[in-house]
Structures are given as structure tokens and as C-alpha cells.
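Notes for the one structure printed next.
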Amino acid sequence: MKVERIEAFSDGVFAIAATLLILEVGVDTSRGNLGSQLTQIWPAYLAYVTTFLIIGIIWINHHHCVSLMGRVDRPFLFVNLLLLLTVSFMPFPTKLVAQYLQKPDERDAVIAYAVTMTVMAVIYNIWWRYARGNRRLISDHVSDKALEAVDSAFNPGAPLYGITVAVAFLSPLASVIITLALAVFYLPSAALFERSG
């Protein structure tokens with residue numbers, strides 16, 4: 001399979017997952033005082049922005065990493081499907097955070113959210129390590145410096161998301177805020193990939 005086909009299919013999944021997020025932001029039209037409702041649903045805004053940024057960063061990094069590849073093989077296709085599986089699942093825990101943050105069941109909701117992000121980070125690392133290992137799928141013209149730049153961005157991901165799981169047990173709100181901070185941290189690093197190559 002050509003690299004372009006896997007990228008096109010993946011782009012479609014990213015786009016659908018990102019679009020589905022906004023469906024969880026809404027108000028109850030049967031209740032009065034719209035202004036009050038718009039302020040009360042701030043957890044939905046927080047969950048939406050955080051997850052949208054994460055999906056966006058995954059997409060940016062996915063695009064860059066695939067651009068370094070000259071070929072794909074069947075095992076890689078399966079790992080890519082696992083990555084897309086976690087991405088397409090993200091709207092569900094995002095909905096849980098939107099509905100339950102600052103409510104009695106917030107801990108369970110945020111743990112589910114944090115675990116999902118951690119699983120995504122682990123699978124994404126496996127995805128990259130498989131392609132990068134012994135330059136298995138890497139184009140011949142790509143420099144080692146370009147690969148090391150991606151390595152340095154991927155390395156802290158899973159441990160940092162793992163921390164959000166632990167924090168969720170103590171403070172669900174802090175866990176979501178840390179997740180947002182991670183997204184903000186990764187945004188410029190994703191943009192710098194091109195310069196590092």
C-alpha cells in the first residue's frame with residue numbers, strides 16, 4: 001500500500017473524531033436563563049478544547065511522521081488501525097468529562113479520560129518505534145537528525161499522560177488541566193518538526 005493511502009484514511013478518522021467532539025457541547029432548551037447555562041457548562045468547553053487540541057496535535061505529528069516514510073507494511077497498518085481506534089474513541093471519555101466534572105462521579109469520568117489518553121500515547125509510541133526501528137519504513141533520504149527530533153517529542157508522552165491518571169485520583173480537575181497543559185506543550189514541538197529535519 002502506498003503511504004498516501006494510509007494518510008488519507010487516517011485524515012478522515014481524525015476529522016470525524018474532532019468534529020464529533022462539539023456534539024457534546026450544548027444546553028437544555030427546556031430550561032430558562034440561557035446565560036446561566038452557558039457559564040455552567042464550562043467543563044464541556046474545557047473538555048472540548050483539550051481533546052480537540054490533542055487530536056489536532058496527533059494529526060500534525062501523524063502527517064509529519066508519515067512524510068518521513070517511504071513505504072508501509074501489513075503489521076504497520078494494524079498498528080495504525082489501533083491508533084485510529086483510540087482516536088475515534090476519544091469523544092466518549094470527553095463526553096464523560098463534560099457531563100461529570102465537578103459532580104459526584106467526576107473521578108471515574110476523569111480516570112476514564114486520562115487512561116484513554118495514556119493508551120493513545122503508548123500506542124502512538126509503538127506506531128513510531130515500529131516504523132523507525134532499524135529505519136524499517138523510513139525513506140532513505142531522511143536524516144538521523146530528523147528521526148531524533150521526532151524521538152525527543154515522543155519519549156515523554158506516555159509517562160506524562162500516565163501522571164494524569166495518578167492525579168485524577170486526587171484531583172480530577174487538576175488532571176484535566178494538566179492534560180490541557182500537555183497539549184499546549186506539544187503544540188509548538190509539533191510545529192518544530194519541520195525545522196528539525
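The residues of the chain are indexed from 1 along the displayed sequence.
Between C65 and V150 the shortest side-chain heavy-atom distance falls below 4.5 Å. Within the 4.5 Å cutoff, the side chain of N61 has heavy atoms near those of the I57 side chain. A heavy-atom distance below 4.5 Å is found between the side chains of S10 and L84. L182 places none of its side-chain heavy atoms less than 4.5 Å from the side chain of I54. For the pair I55 and L21, the minimum side-chain heavy-atom distance is below 4.5 Å. Using a 4.5 Å heavy-atom threshold, the side chains of M69 and E7 count as separate.
For A168 against V110, the heavy-atom pair with the smallest separation is CB-CG1, 3.8 Å. Here the closest non-hydrogen pair linking P156 and A153 is CD-O, 3.5 Å. The shortest non-hydrogen separation linking F14 to I58 is CE2-CG2, 3.6 Å. Contact between A149 and S152 at its shortest, heavy atoms only, is O-OG, 2.7 Å. Listed here is the closest heavy atom pair of R71 and L137: O-CB, 3.4 Å. The heavy-atom pair separating T86 from L83 by the smallest distance is OG1-O, 2.7 Å.
A cation-pi arrangement is present between R136 and Y130, with the terminal nitrogen or guanidinium carbon under 6.0 Å from the aromatic centre and inside a 45° cone about the axis.
Listed by first and then second residue, the ring-ring contact (aromatic ring centres under 6.0 Å, His included) pairs involving residues 68-88 are F76-W127 (not counting sequence neighbours). Applying the side chain to side chain donor-acceptor pair (under 3.5 Å) rule to pairs touching residues 11-21 yields D11-W59, sequence neighbours excluded.
Taken together through direct or relayed side-chain contacts under 4.5 Å among Ile, Leu, Val, Met, Phe, Trp and Tyr, I22 and L96 form parts of separate hydrophobic clusters. Hydrophobic clustering places M90 together with V176 (ILVMFWY residues linked when any side-chain heavy atoms are closer than 4.5 Å, directly or through intermediates). When the side chains of ILVMFWY residues are joined at heavy-atom separations under 4.5 Å, either directly or via intervening members, Y100 and V49 end up in two distinct hydrophobic clusters.
Two rings, from F89 and F92, have their centers less than 6.0 Å apart.
Scanning for ring pair (Phe, Tyr, Trp, His ring centres under 6.0 Å) contacts around F9 gives an empty result, with sequence neighbours left out. R135 meets the salt bridge (charged side-chain N to carboxylate O under 4.0 Å, His left out) test with D144; sequence neighbours excluded. When the side-chain contact (heavy atoms from CB on, under 4.5 Å) test is applied to R129, the partners found at least two apart in sequence or on another chain are N125, D151, F154, N155.
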Could you list the donor-acceptor pairs under 3.5 angstrom formed between side-chain atoms of residues 112-123 and any protein atom two or more places apart in sequence or on another chain?
unit_1: Y113; atom_1: OH; unit_2: T51; atom_2: OG1; d: 2.7
unit_1: T116; atom_1: OG1; unit_2: A112; atom_2: O; d: 2.8
unit_1: T118; atom_1: OG1; unit_2: A114; atom_2: O; d: 2.8
unit_1: T118; atom_1: OG1; unit_2: Y161; atom_2: O; d: 3.0

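The backbone N or O of T164 lies less than 3.5 Å from a partner atom in the side chain of S175, making a donor-acceptor pair. Between the side chain of T50 and the backbone N or O of A47 there is no donor-acceptor pair closer than 3.5 Å. Under the 3.5 Å distance criterion, the side-chain polar atoms of S143 are matched with a main-chain donor or acceptor of A146.
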